[in-house]
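What follows is a single structure, written as structure tokens, with notes after it.
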Amino acid sequence: MTDGIAQKTCTPCRGGVAPLTQEAAEGYLSQTPGWELEEARLLRRNFKFADFRQSLGFVDKVARLAEEEGHHPDICFGWGYAAVSLQTHKIKGLHENDFIMAAKINLIAGS
């Protein structure tokens, strides 16, 4: 269920913690429908839209969320699409924050 993890807030990552294991990441993945794991180091999802304006609007909302949460995804977008990836660079892997952001991005996307 997306609502549970989406209610959490990202905490600042200062490094010095181990990234999530594959098993732990897969547990969080069940709370973030549509997202895919890439070797438990990266979380990725592609979104489709009718046109460039909708893609840009989505990216703008995600950017505002990222600033509020202090956790920033990598985003590539263009006409009719946005590709979003998340990872915690300081630990070179995934952290709970990445899944919190994924769940909140799902809410923005309406899925």
Side-chain angles (χ1 to χ4, degrees):
M1 172 190 286
T2 304
D3 291 339
I5 196 164
Q7 299 304 314
K8 293 186 174 188
T9 301
C10 292
T11 57
C13 181
R14 293 176 177 79
V17 297
L20 294 174
T21 63
Q22 178 77 26
E23 183 178 27
E26 287 173 0
Y28 279 111
L29 193 62
S30 67
Q31 300 178 64
T32 54
W35 291 82
E36 297 177 358
L37 279 176
E38 201 169 285
E39 296 180 14
R41 290 189 311 218
L42 184 75
L43 193 56
R44 182 183 317 258
R45 182 168 179 192
N46 294 317
F47 297 88
K48 294 186 182 211
F49 303 96
D51 56 29
F52 187 82
R53 184 181 303 252
Q54 286 184 2
S55 298
L56 179 60
F58 172 76
V59 168
D60 182 58
K61 289 176 185 175
V62 171
R64 290 172 193 265
L65 170 66
E67 286 300 306
E68 290 172 10
E69 293 289 327
H71 194 71
H72 302 87
D74 292 320
I75 304 172
C76 177
F77 76 102
W79 193 93
Y81 75 93
V84 181
S85 62
L86 292 155
Q87 81 175 139
T88 302
H89 296 282
K90 286 186 178 178
I91 62 172
K92 297 181 177 134
L94 293 170
H95 184 275
E96 182 183 46
N97 288 339
D98 299 302
F99 291 92
I100 292 169
M101 284 297 294
K104 289 182 179 206
I105 292 168
N106 277 356
L107 293 175
I108 289 170
S111 60

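In what follows, residues are counted from 1 in the order of the sequence shown.
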Side-chain contact, heavy-atom cut-off 4.5 Å: [X] with [Y]?
X	Y	value
His95	Ile100	no
Gln22	Glu39	no
Leu20	Asp98	no
Pro19	Leu94	no
Trp35	Val84	yes

Spacing of [X] atom [atom1] and [Y] atom [atom2] [to the nearest 0.5 Å]:
X	Y	atom1	atom2	answer
Ile75	Phe58	CD1	CZ	7.5 Å
Lys92	Leu42	NZ	CG	15.0 Å
Lys104	Gln7	NZ	CD	7.5 Å
Met101	Thr88	CE	OG1	10.5 Å
Lys61	Ile105	NZ	CD1	13.0 Å
Glu68	Thr9	CD	OG1	10.0 Å

Non-hydrogen atoms of [X] and [Y] that approach each other most closely:
X	Y	answer
Cys10	His71	SG-CB, 3.8 Å
Gln31	Ala103	O-CB, 4.4 Å
Lys8	Glu96	NZ-OE2, 2.6 Å
Gly80	Ser55	N-OG, 3.2 Å

Subject >> Backbone N/O of Thr11 and side chain of Asn97: donor-acceptor pair under 3.5 Å >> reply: yes

Is [Y] reachable from [X] through a run of hydrophobic residues whose side-chain heavy atoms are each under 4.5 Å from the next?
X	Y	value
Trp79	Tyr81	no
Val59	Leu86	yes
Ile91	Leu37	no
Ile108	Leu43	yes

Original post:
Has Glu36 got more than 12 heavy atoms of other residues, nucleotides or ligands less than 6.0 Å from its CD?
Top reply: no

Original post:
Hey, mind stepping through Asn106 and Thr32 against side-chain hydrogen bond (donor to acceptor under 3.5 Å, both in side chains) and telling me if it holds?
Top reply: CA-CA 7 Å; Asn106 277 356; Thr32 54; 5.8 Å; no

